[in-house]
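Everything below concerns the one structure shown next.
Quantities reported herein were computed from a predicted structural model and do not represent experimental measurements. Throughout, numbering of the chain's residues begins at 1 and tracks the sequence.
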Amino acid sequence: MRVVFWTGFWVFLADQLSKFLVVHVLNLRSLMEIDVIPGFIAFHMAWNDGINFGLFSQDGDYGRWILIGIALLISAGVLWWVQREQPRRIGLIAAGLLVGGALGNVVDRLLYGAVADFMNVTCCGIHNPYAFNVADIAIFLGAVMLVFLPAEKET
């Protein structure tokens, strides 16, 4: 469980620190957009009160609390799975990525009422309207690792 804890801790810390720096220190909250590498990477402020890509957005507090509850249940389920199955190190890292990312987004919902998304990658003349954050990257990587890399116990 130490691997899960430390992976989750560093993901959570990186997520919250990056959000604080970009949203508050660089003042993205007011500027709304900052070109980092023009035509490729930009910081674009987006408050996501739904799940990925704004799906299931809710205007009320009710939806926010449902999404917080779902994230906490999924995190608890992942921790239960780790305790029960005792996967190899790659499974522990994947679990830490999922839990750390989920908790990072939960804190946003508690503090702001929505998740602070700010990274936007555009390439080759195709405009990407979506923004994401470090927690989203960790959740995606953790899920991909659990699906495509064997996490079962070593024999």
Side-chain angles (χ1 to χ4, degrees), residues 1-79 82 90-149:
M1 283 297 257
R2 269 189 293 153
V3 172
V4 176
F5 172 80
W6 285 111
T7 303
F9 172 79
W10 290 113
V11 165
F12 177 83
L13 188 65
D15 175 64
Q16 290 299 301
L17 183 60
S18 66
K19 288 172 183 171
F20 178 78
L21 290 173
V22 172
V23 174
H24 299 288
V25 175
L26 294 179
N27 199 23
L28 189 63
R29 192 176 217 174
S30 297
L31 297 173
M32 297 304 290
E33 188 152 354
I34 300 170
D35 277 336
V36 178
I37 301 174
F40 185 61
I41 298 174
F43 291 155
H44 177 80
M45 191 72 242
W47 293 102
N48 185 355
D49 59 357
I51 57 175
N52 286 4
F53 306 117
L55 296 172
F56 306 113
S57 291
Q58 299 291 327
D59 289 335
D61 239 13
Y62 187 66
R64 172 176 79 141
W65 290 105
I66 288 173
L67 292 174
I68 288 171
I70 289 170
L72 293 175
L73 281 173
I74 290 170
S75 295
V78 168
L79 293 174
V82 165
I90 196 74
L92 299 174
I93 291 169
L97 289 168
L98 285 166
V99 172
L103 294 179
N105 283 342
V106 162
V107 166
D108 282 12
R109 290 186 196 285
L110 291 171
L111 292 177
Y112 307 118
V115 174
D117 289 335
F118 61 89
M119 286 187 255
N120 178 272
V121 178
T122 299
C123 180
C124 314
I126 300 169
H127 176 68
N128 174 14
Y130 300 108
F132 55 95
N133 60 43
V134 171
D136 296 338
I137 296 167
I139 292 166
F140 176 79
L141 287 176
V144 167
M145 288 168 67
L146 285 178
V147 170
F148 292 110
L149 299 174

Revision key, fill the gap. Between the NE2 atom in His44 and the CG atom in Asp35, the distance rounded to the nearest 0.5 Å is 11.5 Å
Revision key, fill the gap. Scanning both residues in full, the closest heavy-atom pair of Asn133 with Met119 reads C-CE, 3.6 Å
Practice item. Please answer whether the main-chain N or O of Arg109 pairs with a side-chain N or O of Arg64 as donor and acceptor at a distance below 3.5 Å. Key: yes
**Study point:** Note, Leu103 side chain near Val107 side chain (heavy atom, < 4.5 Å)
**Key:** no
Practice item. For the residue pair Leu92 and Thr7, establish whether any side-chain heavy-atom pair is separated by less than 4.5 Å. Key: no
Check your understanding: In a check of side chain to side chain contact (heavy atoms under 4.5 Å, CB included) between Leu97 and each of Ile139, Val11, Val144, which one passes?
Key -> Val11
**Study point:** For the student: nearest non-hydrogen atoms of Ser75 and Ala102, plus distance
**Key:** OG-CB, 3.5 Å
Practice item. For Ser18 and Phe118, work out which heavy atoms get closest and say how close. Key: OG-CZ, 3.8 Å
Check your understanding: Atom CD1 in Ile41, atom SG in Cys123: separation rounded to 0.5 Å?
Key -> 10.0 Å
Review point. How far apart are the closest heavy atoms of Ala131 and Ala46, and which atoms are they?
Key: CB-CB, 4.0 Å
**Study point:** Close side-chain approach of Arg29 to Tyr112, heavy-atom, < 4.5 Å
**Key:** yes
Review point. Do the side chain of Asp117 and the main chain of Trp47 share a donor and acceptor less than 3.5 angstrom apart?
Key: no
Review point. Considering only heavy atoms from C-beta outward, does the side chain of Leu67 approach that of Val115 to under 4.5 Å?
Key: no
Review point. Can you check whether Tyr130's main-chain N or O pairs, donor with acceptor, with Asn120's side chain at less than 3.5 Å?
Key: yes
Practice item. Kindly determine whether Leu21 and Leu26 satisfy side chain to side chain contact (heavy atoms under 4.5 Å, CB included), including the steps that lead there. Key: CA-CA 6 Å; Leu21 290 173; Leu26 294 179; 5.8 Å; no
Revision key, fill the gap. Rounding to 0.5 Å, atoms CG (Asp108) and CG (Asp49) come to a distance of 12.5 Å
Review point. When rounded to the nearest 0.5 angstrom, what distance separates CG in Asn48 from CZ in Phe132?
Key: 13.0 Å
Review point. Between the side chain of Glu33 and the main-chain N/O of Met45, is any donor-acceptor distance below 3.5 Å?
Key: no
Check your understanding: Is the side chain of Ser30 donor-acceptor paired with the backbone N or O of Asn27 at a distance under 3.5 Å, no angle test?
Key -> no
Review point. How long is the span from the CG atom in Leu98 to the CE atom in Met145, to the nearest 0.5 Å?
Key: 9.0 Å
Practice item. Write out all pairs satisfying ring-ring contact (aromatic ring centres under 6.0 Å, His included) with one or both partners inside residues 22-42, taking only residues at least two apart or from two chains. Key: Phe20-His24
Practice item. With the side chain counted from C-beta on, respond yes when Val134 and Lys19 share a heavy-atom pair under 4.5 Å apart, and no when they do not. Key: no
Revision key, fill the gap. d(Asp15 CG, Ile137 CD1) to nearest 0.5 Å is 9.0 Å
Check your understanding: Under 6.0 Å from the CZ atom of Phe5, do we count more than 12 heavy atoms belonging to anything else shown?
Key -> yes
**Study point:** Option passing side chain to side chain contact (heavy atoms under 4.5 Å, CB included) with Ile70 (candidates Leu72, Ile68, Ile74, Leu73)
**Key:** Ile74
